[in-house]
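One structure is given here, and the rest of the page talks about it.
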Amino acid sequence: MPNLSSSLVGKHNQRLNALAPSGIRSFDKKISSIDGLIKLTIGEPDLDTPEHVKQAGIDSIKNNDSHYADQTGKKELRDAISNHLSNKYDLKYDADSEVIVTVGATEALYSTFQTIINKGDKVIVPTPTFALYFPIIEILGGEVIKVDVSEDDFILKPEKLKAVLDEYGDSVKALLLNYPSNPTGVEYSKEDLAGLAEIIKQHAMYVLSDEIYSDLTYGVKHYSIANMLPEQTIYLSGLSKSHAMTGYRVGYICGPAEFIKKVGMVHAFVVTSVTNSAQMAAAEALNNGENDPVEMAKIYQERRDILYKGLTELGFSMPEPKGAFYMFAKIPAQYGKDDENFALELAKKAKVGVIPGSAFGPGGEGYIRLSYASSKEVILEALKRLQIFMK
């Protein structure tokens, strides 16, 4: 096993030195060896990929669909994405010039940021939020402007956005929105987005709208800011959550053709193209699996209701999630605000794994995130253990 030459030690991208490991993954790894642990940590659906979707992937392999696909994605999938967004969200994207298929939403994020960020550019990110955004921006030379929205029902208000833009001016390159939100499950209403759009359209800036959980909502209709600001919005999503396809790694970027041409260059340099069988499975999911996420959302909503009721009875407070499959619960005051210690003690003594809220940025301190992408039986057992622990 070779050791790196001493002459090469330290000769790497120096921005890596300032990056911390993912707080979600590192904490999950820290507690995962605990025997008998119930894990409500990672946003990994426990539901199976629908059979018709799996069969489409199998058919692709059997049909020797094994050559390079178009770098922007297979035509069948780009058409399916365009039709899906038009039919469900009234978003109009041309399949040939305004859609790119990516290796999951993570690559969609990375390629998009790589396309827009120059050194020193600032990106506004409302927090608490999915912490992967921060290192991607920073490794590319950008600066994250973290805006704590925990006191505003976890929604970025227009007046707060205006204040940040007044402070940082033209150095702001983009605003990143994620809704329904990871970790809170909060959804932006059409009125919320309209207020933000009025501010954004006065500035030369992008909106990166991560709507990966848009097909999993409860009692509300999802609305995209891309409907209001199509000329400034880069729409990011994928199939991982909606159809329980995390391992297939299929995401996509939609936006104005001029931008898609640029981001397509980055995408091609990074991955060339996405795996054919995964693309054909994704096309099947969008073309013939419109009801799949509807049925999954019913299951998640039942789990949400059980977890929300149980946590409330134990003294936790939290917004009732309107989408995704996370609960962001404030630790009762008598237990203090050290969320990492609380989560660690919970794992060791009650054998229930959650993620400390501080892993999601400012505003997350004193909270824990619980994923209800686990079965009802697992959630009920976790609540029993949590009740004993709290006593």
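Since this is a predicted model, take the numbers as computed values, not measurements. FYI, side chains are in, hydrogens and waters are out, and symmetry mates aren't considered; it's all heavy atoms of this structure.
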For this session: Give the C-alpha distance, both sets of side-chain angles, the deciding distance and a yes or no for side chain to side chain donor-acceptor pair (under 3.5 Å) between Ser5 and Ser7.
Result: CA-CA 5 Å; Ser5 168; Ser7 66; 2.8 Å; yes
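- Residue Val149 is grouped with residue Val125 when hydrophobic side chains (ILVMFWY) are merged at heavy-atom distances under 4.5 angstrom, including chains of intermediate members.
- In this structure, Val103 is not a member of the same hydrophobic cluster as Val263, with clusters built from ILVMFWY side-chain heavy atoms closer than 4.5 Å.
- The backbone N or O of Ile61 lies less than 3.5 Å from no partner atom in the side chain of Asp65, so there is not a single donor-acceptor pair.
- Listed by chain and residue number, Asp59 satisfy the side chain to side chain contact (heavy atoms under 4.5 Å, CB included) test with Asn63 (two or more places apart in sequence, or in another chain).
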Problem set entry | Residue pair Ser60, Asn276: steps toward the side chain to side chain donor-acceptor pair (under 3.5 Å) verdict | CA-CA 7 Å; Ser60 170; Asn276 288 353; 5.9 Å; no
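- The salt bridge (Lys or Arg N to Asp or Glu O under 4.0 Å) search around Asp96 returns Lys75, Arg78, not counting sequence neighbours.
- Counting only N and O atoms by type, the side chains of His243 and Asp215 include no donor and acceptor under 3.5 Å apart.
- With no hydrogens or angles considered, no side-chain donor-acceptor pair links Ser277 and Thr275 at under 3.5 Å.
- Salt-bridge annotation for Asp46 and Arg303: present, with a side-chain N of the basic residue lying under 4.0 Å from a carboxylate O of the acidic one.
- Side-chain atoms of Asn341 do not come within 3.5 Å of backbone N or O of Glu345 as any donor-acceptor pair.
- At distances below 3.5 Å, at least one donor-acceptor pair connects side-chain atoms of Asp339 with backbone N or O atoms of Gly366.
- Both Tyr168 and Ile116 belong to a common hydrophobic cluster when Ile, Leu, Val, Met, Phe, Trp and Tyr are linked at side-chain heavy-atom distances under 4.5 angstrom.
- Between Phe130 and Tyr133, the distance separating the two ring centers is shorter than 6.0 angstrom.
- Every residue two or more places apart in sequence or in another chain was checked for a salt bridge (Lys or Arg N to Asp or Glu O under 4.0 Å) with Lys157, and none qualifies.
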Donor-acceptor list for residues 321-333 side chains, cut-off 3.5 Å, not counting sequence neighbours:
{"residue": "Lys322", "atom": "NZ", "partner": "Glu320", "partner atom": "OE1", "Å": "3.4"}
{"residue": "Tyr326", "atom": "OH", "partner": "Tyr213", "partner atom": "OH", "Å": "2.6"}

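- Side chains of Leu344 and Lys30 form a contact here, defined as non-hydrogen atoms less than 4.5 Å apart.
- Looking at Val99 and Tyr93, their side chains come closer than 4.5 Å, going by heavy atoms from C-beta outward.
- Side-chain atoms of Gln279 come within 3.5 Å of backbone N or O of Val274 as a donor-acceptor pair.
- A donor-acceptor pair shorter than 3.5 Å can be found between the side chains of Asp192 and Ser189.
- Under the 4.5 Å side-chain criterion, counting only non-hydrogen atoms from C-beta, Met318 is not in contact with Tyr367.
- For the side chain to side chain contact (heavy atoms under 4.5 Å, CB included) test, residues two or more places apart in sequence or in another chain that qualify with Asn118 are Asp121, Lys173.
- Although no hydrogens or angles enter the test, the distance criterion places no donor-acceptor pair under 3.5 Å between the side chain of Lys190 and the main chain of Lys221.
- By the rule that hydrophobic residues join a cluster once side-chain heavy atoms approach within less than 4.5 Å of another member, Val147 and Ile137 end up as members of one cluster.
- For the residue pair Ser86 / Lys92, a side-chain donor-acceptor distance below 3.5 Å is found, with atom types taken as modelled.
- Looking at Tyr300 and Asp305, their side chains never bring a donor and an acceptor atom within 3.5 Å of each other.
- Within the 3.5 Å criterion, the main-chain N or O of Glu211 finds a donor-acceptor partner in the side chain of Ser214.
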Would you be so kind as to tabulate the donor-acceptor pairs closer than 3.5 Å made by side chains of residues 379-391, with sequence neighbours excluded?
{"residue": "Glu381", "atom": "OE2", "partner": "Arg385", "partner atom": "NE", "Å": "3.1"}
{"residue": "Arg385", "atom": "NH1", "partner": "Gly36", "partner atom": "O", "Å": "3.0"}
{"residue": "Arg385", "atom": "NH1", "partner": "Lys351", "partner atom": "O", "Å": "3.0"}

For this session: Start with the C-alpha gap between Glu44 and Thr246, add the side-chain angles, then the distance that decides, and say whether side chain to side chain donor-acceptor pair (under 3.5 Å) holds.
Result: CA-CA 7 Å; Glu44 172 75 18; Thr246 53; 2.9 Å; yes
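- No side-chain donor-acceptor contact under 3.5 Å links Thr127 to the backbone of Lys146.
- In summary, the side chains of Asp70 and Thr72 do present a donor paired with an acceptor at a separation below 3.5 Å, with no hydrogens or angles considered.
- By the 4.5 Å heavy-atom criterion applied to side chains, Tyr188 and His222 are not counted as neighbours.
- In this structure the side chain of Leu208 reaches within 4.5 angstrom of the side chain of Phe113, judged on heavy atoms.
- Identified under the side chain to side chain donor-acceptor pair (under 3.5 Å) test for residues 9-20, with sequence neighbours left out: His12-Asn17, Gln14-Asn17.
- When the side chain to side chain contact (heavy atoms under 4.5 Å, CB included) test is applied to Lys162, the partners found at least two apart in sequence or on another chain are Asp166, Ile199.
- At distances below 3.5 Å, at least one donor-acceptor pair connects side-chain atoms of Thr49 with backbone N or O atoms of Ala244.
- A donor-acceptor contact under 3.5 angstrom links the side chains of Asp94 and Ser97, judged on distance only.
- Listed by chain and number, the residues in a side chain to side chain contact (heavy atoms under 4.5 Å, CB included) with Asp153 amount to none (sequence neighbours excluded).
- Checked by atom type, the side-chain pair Gln71/Thr272 shows no donor-acceptor distance below 3.5 Å.
- Salt bridge annotation for Glu365-Lys337: absent, with no cationic side-chain nitrogen under 4.0 angstrom from a carboxylate oxygen.
- Side-chain atoms of Glu187 and Thr217 include no donor-acceptor pair closer than 3.5 Å.
- When every heavy atom of Thr102 is checked against every heavy atom of Tyr252, the shortest pair comes out as OG1-N, 3.4 Å.
- Side-chain N/O atoms of His267 and Glu107 include a donor and acceptor closer than 3.5 Å.
- With sequence neighbours left out, Lys309 forms a side chain to side chain donor-acceptor pair (under 3.5 Å) with Glu313.
- In the hydrophobic cluster analysis, where Ile, Leu, Val, Met, Phe, Trp and Tyr join through side-chain heavy atoms closer than 4.5 angstrom, Ile234 is grouped together with Leu196.
- Each side chain to side chain donor-acceptor pair (under 3.5 Å) pair with one or both residues in residues 228-241, not counting sequence neighbours, appears once here: Ser240-Arg249.
- Tyr206 meets the ring-ring contact (aromatic ring centres under 6.0 Å, His included) test with Phe259; sequence neighbours excluded.
- Between Asp292 and Ser242, the closest side-chain pair of non-hydrogen atoms is not below 4.5 Å.
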For this session: Might you work through the side chain to side chain donor-acceptor pair (under 3.5 Å) test for Lys39 and Ser374, ending with a clear yes or no?
Result: CA-CA 8 Å; Lys39 293 178 67 173; Ser374 297; over 6 Å; no
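- Using a distance-only test at 3.5 Å, with no hydrogens or angles considered, a donor-acceptor pair links the side chain of Asn287 to the main chain of Ala283.
- A side chain to side chain contact (heavy atoms under 4.5 Å, CB included) with Thr106 holds for exactly one of Leu132, Leu236, Ile212; it is Leu132.
- Classification of Glu198 and Lys201 as a salt-bridged pair holds, one side-chain N sitting under 4.0 Å from a carboxylate O.
- Under a 3.5 Å cut-off, the side chain of Arg369 and the backbone N or O of Thr41 do form a donor-acceptor pair.
- Summarising the local packing, CD of Glu151 is surrounded by 12 or fewer heavy atoms from other residues, nucleotides or ligands at distances under 6.0 Å.
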